A.B. asks: 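Got a structure for you, questions after.
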Amino acid sequence: MEDIAILHISQSFIIVNKRHDIAINTDKDEEMPELPVSVENQLKSRFPHLVNKNLVHSFHFCHRLDYSTSGVLAIALTKEAAKEAMLVFKNRLAFTSTILDFSRGHVDQEYTVINKGIGKDSREHFTHCMCTEDKGYCSFPRKAVTQIIVLQRGLYANSPATKVLLKPITGRRHQLRVHCNFIGHTVVGDYTHSNRRDLTPHRMFLRCLSFGLVCQA
């Protein structure tokens, strides 16, 4: 099993660099001869003594990154640390994240705030999709806010593209990808939210660069 890059480790947390196209965890399948590649199984292989047998997925994952998204991921090692971290995320206290994104086309405004609720795409054959609340097929939308800062405009594979920093104020599933699509600048390589048209890149170009997590644990 491929190893995982450890950015920081303490008595309370492990901070890892999740690679793209890997799940955070997977359901156990007794019929599988080998463990599927996931962050959970990478950590179990690297740190078997830190596995919490009382948890379904072995560790306290403080937040999520999409399967296709790479970057910084925090895992709590104690119940107390997990509780503190969850309160920080829930109350949006002392927490900011920076996501690097390459979007299709040239984003016009240097700074944009997108305030558009996100819910589940209820259309048939769109099981894993989310969408903005303005769509007639959007189910149970919840408030979602994202800040977008343009870093550079240029080309990707001879087509216009923009390098941007994204700051999610809320934390909805697929929020950044859906909001980029909403303003007409889908993330490069986002097969799901490009109506399955973006096929050529080897990965989706969305990466969590950093965040701040201040806890007492």
Side-chain angles (χ1 to χ4, degrees), residues 2 4-5 7 15-24 37-39 42 63-74 96-121 123 125-135 137-138 141-142 144-211:
E2 185 174 339
I4 189 169
L7 303 178
I15 311 299
V16 304
N17 182 17
K18 174 190 173 296
R19 65 179 175 83
H20 65 89
D21 295 342
I22 180 173
I24 300 293
V37 178
S38 66
V39 175
Q42 287 177 325
H63 62 116
R64 314 290 296 182
L65 292 178
D66 292 344
Y67 172 85
S68 302
T69 304
S70 63
V72 181
L73 181 71
T96 58
S97 60
T98 303
I99 313 290
L100 181 65
D101 162 38
F102 287 88
S103 288
R104 296 288 185 186
H106 287 164
V107 179
D108 293 331
Q109 297 183 342
E110 302 299 319
Y111 175 77
T112 307
V113 177
I114 304 172
N115 187 345
K116 184 64 69 173
I118 291 175
K120 187 173 178 56
D121 190 324
R123 292 176 296 173
H125 306 307
F126 286 82
T127 307
H128 301 292
C129 288
M130 306 297 286
C131 57
T132 48
E133 61 188 350
D134 56 306
K135 305 294 192 298
Y137 45 81
C138 184
R142 300 172 66 191
V145 182
T146 302
Q147 297 176 348
I148 300 181
I149 302 170
V150 170
L151 296 181
Q152 185 180 10
R153 298 177 182 88
L155 299 175
Y156 171 78
N158 295 320
S159 296
T162 307
K163 182 192 295 184
V164 299
L165 286 181
L166 305 174
K167 287 185 174 290
I169 307 304
T170 54
R172 308 302 174 216
R173 183 185 180 192
H174 293 188
Q175 175 177 317
L176 304 180
R177 299 160 64 181
V178 172
H179 274 172
C180 285
N181 178 259
F182 171 72
I183 63 171
H185 297 284
T186 307
V187 177
V188 172
D190 188 352
Y191 172 80
T192 300
H193 294 97
S194 65
N195 287 324
R196 302 167 184 169
R197 293 194 301 264
D198 205 342
L199 301 171
T200 53
H202 66 283
R203 61 160 296 182
M204 184 178 70
F205 290 162
L206 192 65
R207 177 171 179 77
C208 181
L209 295 178
S210 64
F211 63 83

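Heavy-atom basis, side chains included; hydrogens, waters and symmetry copies ignored. Remember, predicted model here, so these are calculated numbers, not experimental data.
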A.B. asks: Heavy atoms, side chains only, cut-off 4.5 Å: are I114 and I183 in contact?
C.D. replies: yes
A.B. asks: State the NE2-CG distance between H174 and L206, to the nearest 0.5 angstrom.
C.D. replies: 10.5 Å
A.B. asks: Would you say NE2 of H106 has more than 12 non-hydrogen atoms from neighbouring residues, nucleotides or ligands within 6.0 angstrom?
C.D. replies: yes
A.B. asks: For F205 and V187, which heavy atoms make the closest approach, and how far apart are they?
C.D. replies: O-CG1, 3.6 Å
A.B. asks: If you measure only the distance, is there a donor-acceptor pair under 3.5 Å linking the side chains of T162 and Q152?
C.D. replies: no
A.B. asks: Answer whether the closest heavy-atom distance between the side chains of P201 and F102 falls below 4.5 Å.
C.D. replies: no
A.B. asks: When you look at CZ of R123, are more than 12 heavy atoms from neighbouring residues, nucleotides or ligands closer to it than 6.0 Å?
C.D. replies: yes
A.B. asks: Give a yes or no on whether the backbone of Y67 and the side-chain of K18 come within a donor-acceptor separation of less than 3.5 Å.
C.D. replies: yes
A.B. asks: How about R172 and R142: do any of their side-chain heavy atoms sit closer than 4.5 Å?
C.D. replies: yes
A.B. asks: Is a donor on one side and an acceptor on the other found under 3.5 Å between the side chain of R153 and the backbone of V107?
C.D. replies: yes
A.B. asks: Can you find a pair of side-chain heavy atoms, one from F126 and one from Y137, that are under 4.5 Å apart?
C.D. replies: no
A.B. asks: Where do L65 and C208 come nearest, in terms of heavy atoms and distance?
C.D. replies: CD2-CB, 4.0 Å
A.B. asks: Return each pair, listed once, that meets salt bridge (Lys or Arg N to Asp or Glu O under 4.0 Å) where at least one residue sits in residues 176-201; pairs must be two or more places apart or across chains.
C.D. replies: D66-R177, R104-D198, R177-D190
A.B. asks: Can S103 and H185 be said to form a side chain to side chain donor-acceptor pair (under 3.5 Å), step by step?
C.D. replies: CA-CA 5 Å; S103 288; H185 297 284; over 6 Å; no
A.B. asks: Are any non-hydrogen side-chain atoms of L7 and V72 less than 4.5 angstrom apart?
C.D. replies: yes
A.B. asks: Is a side-chain donor-acceptor pair under 3.5 Å present for T112 with Q147?
C.D. replies: no
A.B. asks: List the steps and the verdict of side-chain contact (heavy atoms from CB on, under 4.5 Å) for V164 and I149.
C.D. replies: CA-CA 6 Å; V164 299; I149 302 170; over 6 Å; no
A.B. asks: What is the minimum heavy-atom distance between C180 and L166, and which atoms define it?
C.D. replies: SG-CD1, 4.0 Å
A.B. asks: According to ring pair (Phe, Tyr, Trp, His ring centres under 6.0 Å), who are the partners of H125, at least two apart in sequence or on a separate chain?
C.D. replies: none
A.B. asks: Side chains of S70 and R19: do they bring a donor and an acceptor to under 3.5 Å?
C.D. replies: no
A.B. asks: Taking T146 for its side chain and P168 for its backbone only, find out whether a donor-acceptor pair lies under 3.5 Å.
C.D. replies: no
A.B. asks: Roughly how far, to the nearest 0.5 Å, is CG of L151 from CG of L100?
C.D. replies: 7.0 Å
A.B. asks: The test is side-chain contact (heavy atoms from CB on, under 4.5 Å); show your working for H128 and R173 and say whether it passes.
C.D. replies: CA-CA 10 Å; H128 301 292; R173 183 185 180 192; 4.0 Å; yes
A.B. asks: Stepwise, does the side-chain contact (heavy atoms from CB on, under 4.5 Å) test hold for E133 with K116?
C.D. replies: CA-CA 7 Å; E133 61 188 350; K116 184 64 69 173; 3.5 Å; yes
A.B. asks: Does I15 form a side-chain contact (heavy atoms from CB on, under 4.5 Å) with L73? I'd like the steps, not just the answer.
C.D. replies: CA-CA 6 Å; I15 311 299; L73 181 71; over 6 Å; no
A.B. asks: Between H193 and C129, what is the shortest heavy-atom contact and its length?
C.D. replies: NE2-CA, 4.3 Å
A.B. asks: Looking at Q109 and V150, what are the two nearest heavy atoms and their distance?
C.D. replies: O-CG2, 3.2 Å
A.B. asks: With a 4.5 Å heavy-atom cut-off, do I118 and C131 have their side chains touching?
C.D. replies: no
A.B. asks: How about Q175 and V178: do any of their side-chain heavy atoms sit closer than 4.5 Å?
C.D. replies: no
A.B. asks: Working to the nearest 0.5 Å, report the span between OG of S38 and CD1 of I22.
C.D. replies: 6.0 Å
A.B. asks: Could I get the full list of ring pair (Phe, Tyr, Trp, His ring centres under 6.0 Å) partners for F182, not counting sequence neighbours?
C.D. replies: none
A.B. asks: Would a 4.5 Å heavy-atom cut-off, applied to side chains only, mark I99 and L165 as touching?
C.D. replies: no
A.B. asks: Judged by atom type as modelled, is there a donor-acceptor pair below 3.5 Å linking the side chain of K120 to the main-chain atoms of P141?
C.D. replies: no
